[in-house]
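To keep things clear, I will list the structure first and then write my remarks on it.
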Amino acid sequence: MSAAIGADRSGDQLLHGEPHEGNLLATQREPLFVDLATCCRGPVEFDLAHAPHGGAEHYMGADPDLLHQCRAVDWAMFSAGRWRRTDQMPDRDHWRAEGPALVRASLDRREPRRRHQSSTTLITSERCR
């Protein structure tokens with residue numbers, strides 16, 4: 001996975017690193033991203049991986065295979081955080097078990113899609129609360 005993500009640096013750009021609805025601030029002019037501690041450089045698919053399933057398909061030029069790999073990385077990072085002693089995420093024990101299952105599902109999606117999109121959208125939306 002790291003070889004695929006790091007193979008072509010020419011498409012790298014500045015990324016938020018965790019662009020979900022909880023990190024958006026509504027202003028009179030436009031929405032602004034906050035919580036910039038996770039900013040990084042990489043392929044746009046890494047930020048798109050945080051969008052609900054179906055949303056990233058509207059971004060022209062996104063690599064679907066790389067997007068699913070980035071979703072797996074996102075779920076892995078999210079799941080690993082649930083094992084911190086200081087983690088106060090609601091349903092932490094649930095996410096300790098469900099997170100690795102979502103990593104596997106994201107990796108499986110590179111092949112024929114096996115899970116129902118609606119259930120994953122629900123899980124992604126709930127995670128962002």
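As the structure is a computational prediction, the values presented were derived from the model and not from experiment. The first residue in the sequence is number 1, and the count goes up from there.
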How many angstroms lie between atom CG of L48 and atom CG of D74, to the nearest 0.5 angstrom? 11.5 Å
Quick one: closest heavy-atom pair of A76 and V103, and the distance? N-CG2, 3.4 Å
Between CG on residue D35 and CG on residue L25, distance to nearest 0.5 Å: 12.0 Å
Main-chain N/O of V34 paired with H16 side-chain donor or acceptor, under 3.5 Å: yes
Interatomic distance, L107 atom CG to W75 atom CH2 [nearest 0.5 angstrom]: 13.5 Å
When rounded to the nearest 0.5 angstrom, what is the spacing between OG1 in T38 and NE2 in H50? 7.0 Å
Please report the C-alpha distance between L15 and R41 in whole Å, then the side-chain angles of each, then the deciding distance to 0.1 Å, and finally whether the side-chain contact (heavy atoms from CB on, under 4.5 Å) criterion is met. CA-CA 6 Å; L15 303 172; R41 293 194 62 78; over 6 Å; no
Less than 4.5 Å apart, side chain to side chain, heavy atoms only: is that true for D12 and P43? yes
CD/E18 to CZ/F33 distance, rounded to the nearest 0.5 angstrom? 11.0 Å
Main-chain N/O of L66 paired with D63 side-chain donor or acceptor, under 3.5 Å: yes
Aromatic rings W95 and F78: how do their planes relate, parallel, tilted or perpendicular, breaks at 30° and 60°? perpendicular
Honestly curious: do M77 and L67 fall in one hydrophobic cluster under the side-chain, below-4.5 Å linking rule? no
Heavy-atom closest pair (G17 atom, C40 atom, distance to 0.1 Å) is CA-SG, 4.3 Å
Counting distance only, does the side-chain N/O of R82 pair as donor-acceptor with the main-chain N or O of R92 below 3.5 Å? no
Taking all heavy atoms of S106 and all of R71, pick out the closest pair and write down the distance. OG-CB, 3.7 Å
For A56 versus A62, what's the shortest heavy-atom pair and its separation? O-CB, 4.4 Å
